[in-house]
Amino acid sequence: MVNLVAAQKPLLHGLMKMAGVQPHIVEIEPGTVMNFWVPNETIKKPQKGEKKNDTPTLTKPNKPVVVLVHGFAAEGIVTWQFQVGALTKKYSVYIPDLLFFGGSITDKTDRSPTFQAETLVKGLSKIGVEKCILVGFSYGGMVAFKMAELYPDLVQAMVISGSILAMTDSISEATLSGLGFKSSSELLLPNSVNGLKALLSVATHKKLWFPNRLHKDYLEVMFTNRKERAELLEGLVINNKDPTIPKFVQKIHLLWGENDQIFKLEFAQNMKEKLGETVTLQGIQKAGHLVQLERPCVYNKCLKQFLTSLLENEKQK
């Protein structure tokens, strides 16, 4: 029987290419490859008489760069499918698949957000990105925070949705307990239709209905590399005594679903207080954790307003 989710992938890929991005595999080092969706205009076309290369050469971006970093339940273009077309006219948009998502994989054993951040930075360097604005969602937000902390010359600013600086053991236990789950794997790596329904139920404000067949097909296509992803979840949690609050030099805009049940609006308000004057907070009504998918038009409007304001301020300096 045809997997409906797999059958729709070529359509989504076609829509992404029409929106202005296409896939490009980057070898970070032997044993580690990362898939990026890169701007169409950066793909260097072969000259007359040249053979078409399996891995085309990329040119440097000629517009401000926005990097969209996905969360844990889906790869890059699934997470950001409604944002790409809204941004590509004014920005060079890059959508990576983090390690063990999409076509990205490594033989290294490190599963920390720091390793994800370092690998992503190496990949961006290889495809000609020297400065960028990060937009990070959920797990991708934690990776984005690490990138901004470790590579301030690369990261100009950040937009963060439904994420936190670091997952301490107390935050992990309190969040899971409040949602009625025993472990992060039970929540984020469902292995049954009912498990996926439970994840969607807590991740969205408006309750969605899909036939069981579609849930089953999504599980088969989107939840690959289960062992490695479970290790990523283990690598997220740090001891309460370990966290230190970095001093970020970048502007940070927290763009939140006001009805987020996983990382509630209080988390964002608390983060804003701790991080200081460089941080702004904006809530989107009638939206849960998956705010960019639930209210894409509102999300895109807020995102573009921040980006426009940021770049105008940069010009005035």
Side-chain angles (χ1 to χ4, degrees), residues 66-72 96 98-99 110-122 124 131-179 184 187-188 231-258 260-284 289 291-292 302-303 306-307 309-310 313-314:
V66 174
V67 179
L68 305 174
V69 192
H70 65 81
F72 208 85
L98 296 173
L99 295 170
D110 193 338
R111 300 289 183 260
S112 66
T114 299
F115 182 64
Q116 286 275 24
E118 290 171 344
T119 305
L120 179 48
V121 168
K122 289 175 184 175
L124 289 170
K131 282 190 176 296
C132 65
I133 301 160
L134 294 176
V135 183
F137 165 67
S138 197
Y139 176 65
M142 298 181 210
V143 174
F145 274 128
K146 271 294 167 196
M147 287 176 66
E149 178 188 352
L150 298 174
Y151 302 95
D153 291 337
L154 169 69
V155 180
Q156 293 172 277
M158 288 190 291
V159 178
I160 301 292
S161 298
S163 190
I164 51 177
L165 285 165
M167 180 68 82
T168 63
D169 42 21
S170 61
I171 290 175
S172 177
E173 288 166 15
T175 301
L176 291 167
S177 175
L179 294 170
S184 52
L187 171 63
L188 294 169
E231 292 167 354
L232 290 176
L233 288 174
E234 290 175 12
L236 264 184
V237 182
I238 63 172
N239 191 287
N240 281 336
K241 295 175 183 176
D242 292 343
T244 54
I245 298 172
K247 177 69 175 174
F248 291 105
V249 296
Q250 303 91 344
K251 284 194 174 181
I252 302 170
H253 189 56
L254 306 176
L255 187 52
W256 231 258
E258 290 187 357
D260 193 331
Q261 295 181 63
I262 296 177
F263 292 123
K264 295 185 177 181
L265 190 60
E266 288 82 359
F267 277 109
Q269 291 165 340
N270 190 33
M271 210 165 17
K272 182 180 183 302
E273 288 178 15
K274 287 182 177 177
L275 292 177
E277 295 178 358
T278 60
V279 182
T280 50
L281 170 61
Q282 189 173 16
I284 295 178
H289 190 64
V291 56
Q292 80 283 2
C302 297
L303 175 58
F306 173 77
L307 294 174
S309 172
L310 179 76
N313 289 338
E314 287 289 322

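Along the sequence shown, the residues carry numbers beginning at 1.
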Can you see which heavy atom on [X] is nearest to which on [Y], and at what distance?
| X | Y | answer |
| --- | --- | --- |
| L176 | S184 | CD1-N, 3.4 Å |
| L233 | F72 | CG-CZ, 3.5 Å |
| S138 | G71 | CB-CA, 4.3 Å |
| P96 | H70 | O-CD2, 3.3 Å |

Indicate every side-chain donor-acceptor pair of residues 261-274 with a distance under 3.5 Å to a residue at least two apart or in another chain.
none

Flag the pair [X] / [Y] as yes when at least one side-chain heavy-atom distance between them is below 4.5 Å, and no otherwise.
| X | Y | value |
| --- | --- | --- |
| T280 | I252 | no |
| T168 | V237 | no |
| M142 | L236 | yes |
| V67 | I133 | no |
| V121 | T119 | no |

Residue from V143, L120, L232, L99 passing side chain to side chain contact (heavy atoms under 4.5 Å, CB included) with F115 =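 Looking at V143, L120, L232, L99, the match for F115 under the side chain to side chain contact (heavy atoms under 4.5 Å, CB included) is L99.
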
Residues forming a salt bridge (Lys or Arg N to Asp or Glu O under 4.0 Å) with E149, sequence neighbours excluded =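 Scan of E149 (salt bridge (Lys or Arg N to Asp or Glu O under 4.0 Å), adjacent residues dropped) gives K146.
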
Centres of the H289 and F137 rings: under 6.0 Å?
->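 Yes; F137 has its ring centre under 6.0 Å from that of H289.
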
Keeping [X] on the side-chain end and [Y] on the backbone end, is there a donor-acceptor pair under 3.5 Å?
| X | Y | value |
| --- | --- | --- |
| T278 | K251 | no |
| H253 | V279 | no |
| S163 | Y139 | no |
| T175 | I171 | yes |

Check step by step if side chain to side chain contact (heavy atoms under 4.5 Å, CB included) holds for L275 and I245.
-> CA-CA 8 Å; L275 292 177; I245 298 172; 3.7 Å; yes

Could you tell me the separation between the [atom1] atom of [X] and the [atom2] atom of [Y], rounded to the nearest 0.5 Å?
| X | Y | atom1 | atom2 | value |
| --- | --- | --- | --- | --- |
| F306 | Q282 | CZ | CD | 10.0 Å |
| C302 | L307 | SG | CG | 11.0 Å |
| S161 | I284 | OG | CD1 | 7.0 Å |

Using atom types as modelled, flag every donor-acceptor pair under 3.5 Å from a side chain in residues 152-160 to any protein atom, sequence neighbours excluded.
none

